[in-house]
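Heads up: the structure comes next, in structure tokens.
Counting from 1, the numbers follow the sequence of the chain as shown. Just so it is clear, the structure is predicted and the values come from calculations on it, not from any experiment.
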Amino acid sequence: MQAASRESYTVAAERLDAYVRGAEPSAVVSTADDILSVADLLRREPRLRRALSDPARSGEDRAGLLTGILGGKVGADALDLLTGLVSGRWSAPSELLDGTERLGVEALLASADRSGDLGEVEDELFRFGQVVSGQSALSNALSDPIAPVGQRAGLARELLAAKARPVTVRLVEAALGGFGGRSFTGALTRLVELAADRRDRQVAYVTVAAPLSDEEERRLGARLSAMYGREVSVKQTVDPEVLGGVSVRVGSDLYDGTVLRRLNETRNALAKR
């Protein structure tokens, strides 16, 4: 987002946090669903996106336009948050869409936080991403841009039935819709990171040839926390092809100490002789 859009989104996010502090988790989920339904509307209606982000209109005018469209169709809390959102300045219609979608996702994460389930939701999102990545047929079915989102969401709900929290399922549906313009797997990764960020944690993606023990994972997490000055949420992937050692990615930082990397470096060095 450009500066004006970031500022508008920050104000809306602060209003969301104030609302969440006084609301029941179930009410926050309902509000989140309303906001995400409006994001879907904006995705389908480019003319409406343009009208609601038009800098030639006053913020009050844009809020009035949205109220006229949504009156009686969404809850009062969602309408209040959404009119506040469109009242801000947006650098582009696409950024208003991104902001609306992000606000709905953050409301879902906030509801899980309020109910004490946010850590579990974060883990469920990551594990589902691992399951999908490990099965090419499933990955293709869920990522198929030609298949309707509703159809793919139905498949995801079947897979997650009785295995994940309702908020996790709803977030997976947001990922299937291309959250933030990303691919399905990219959207899932971003949702994991947003969940961790709400818990004031950094995500470390760790790849190993064999699973780390609980103690090994704890020690690694402690070392990374000391390095980054922030609690770290370790997400472990087992890949026998790395042969041994550990690869760790935190943000744009990559620490690759795997046997596979060392073999590749040796092979490349020999090839240059």
Side-chain angles (χ1 to χ4, degrees), residues 1-17 19-20 27-111 143-154 156 167 169-184 186-188 190-191 194:
M1 285 184 184
Q2 298 184 40
S5 298
R6 284 199 303 272
E7 182 178 340
S8 296
Y9 179 77
T10 298
V11 171
E14 290 171 351
R15 292 182 67 174
L16 172 65
D17 288 341
Y19 156 69
V20 168
V28 179
V29 170
S30 179
T31 296
D33 282 338
D34 282 344
I35 295 172
L36 288 171
S37 70
V38 173
D40 289 338
L41 173 65
L42 294 177
R43 185 178 295 106
R44 296 192 305 269
E45 300 290 344
R47 290 179 61 187
L48 180 59
R49 286 201 305 271
R50 290 194 293 270
L52 291 173
S53 58
D54 185 354
R57 293 176 180 244
S58 68
E60 182 178 342
D61 183 27
R62 282 179 266 128
L65 172 62
L66 188 65
T67 299
I69 294 170
L70 299 181
K73 298 176 183 176
V74 299
D77 294 318
L79 184 59
D80 178 65
L81 291 166
L82 288 163
T83 53
L85 189 73
V86 301
S87 294
R89 294 173 55 231
W90 295 91
S91 303
S94 61
E95 295 191 353
L96 172 61
L97 171 58
D98 289 345
T100 305
E101 194 173 34
R102 171 75 181 271
L103 193 69
V105 161
E106 289 289 359
L108 285 173
L109 295 172
S111 73
S143 303
D144 183 359
I146 298 177
V149 173
Q151 177 182 315
R152 289 183 279 134
V167 166
V169 176
R170 189 65 184 88
L171 288 166
V172 168
E173 291 174 356
L176 288 166
F179 172 58
R182 299 173 179 85
S183 66
F184 175 53
L188 275 182
R190 180 58 177 150
L191 290 171
L194 288 175

Just wondering, do [Y] and [X] contact through their side chains at under 4.5 Å, heavy atoms?
{"X": "Thr31", "Y": "Tyr19", "answer": "yes"}
{"X": "Leu108", "Y": "Leu36", "answer": "yes"}
{"X": "Leu109", "Y": "Leu171", "answer": "yes"}
{"X": "Leu176", "Y": "Val172", "answer": "yes"}
{"X": "Phe179", "Y": "Arg102", "answer": "yes"}
{"X": "Arg15", "Y": "Leu85", "answer": "no"}

Query raised in the report: Is the number of heavy atoms from other residues, nucleotides or ligands under 6.0 Å of Arg182 CZ greater than 12?
Result: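 More than 12 within 6.0 Å, yes.
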Report task. Could you tell me whether Asp144 and Arg152 make a salt bridge, using a distance below 4.0 angstrom between a side-chain N and a carboxylate O? Result ->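 No salt bridge links Asp144 with Arg152.
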Query raised in the report: For the residue pair Asp34 and Gly75, what are the closest heavy atoms and their distance?
Result: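 The pair with the smallest heavy-atom distance is OD2-N, 2.9 Å.
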Report task. Please report the shortest heavy-atom distance between Ala153 and Glu173, naming the atom on each side. Result ->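 The pair with the smallest heavy-atom distance is CB-CG, 4.0 Å.
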Query - Stepwise side-chain contact (heavy atoms from CB on, under 4.5 Å) check, Leu82 with Val86 - result: CA-CA 6 Å; Leu82 288 163; Val86 301; 5.7 Å; no
**Report entry** Pair Arg170-Val29, side-chain contact (heavy atoms from CB on, under 4.5 Å): steps then yes or no
**Finding:** CA-CA 10 Å; Arg170 189 65 184 88; Val29 170; over 6 Å; no
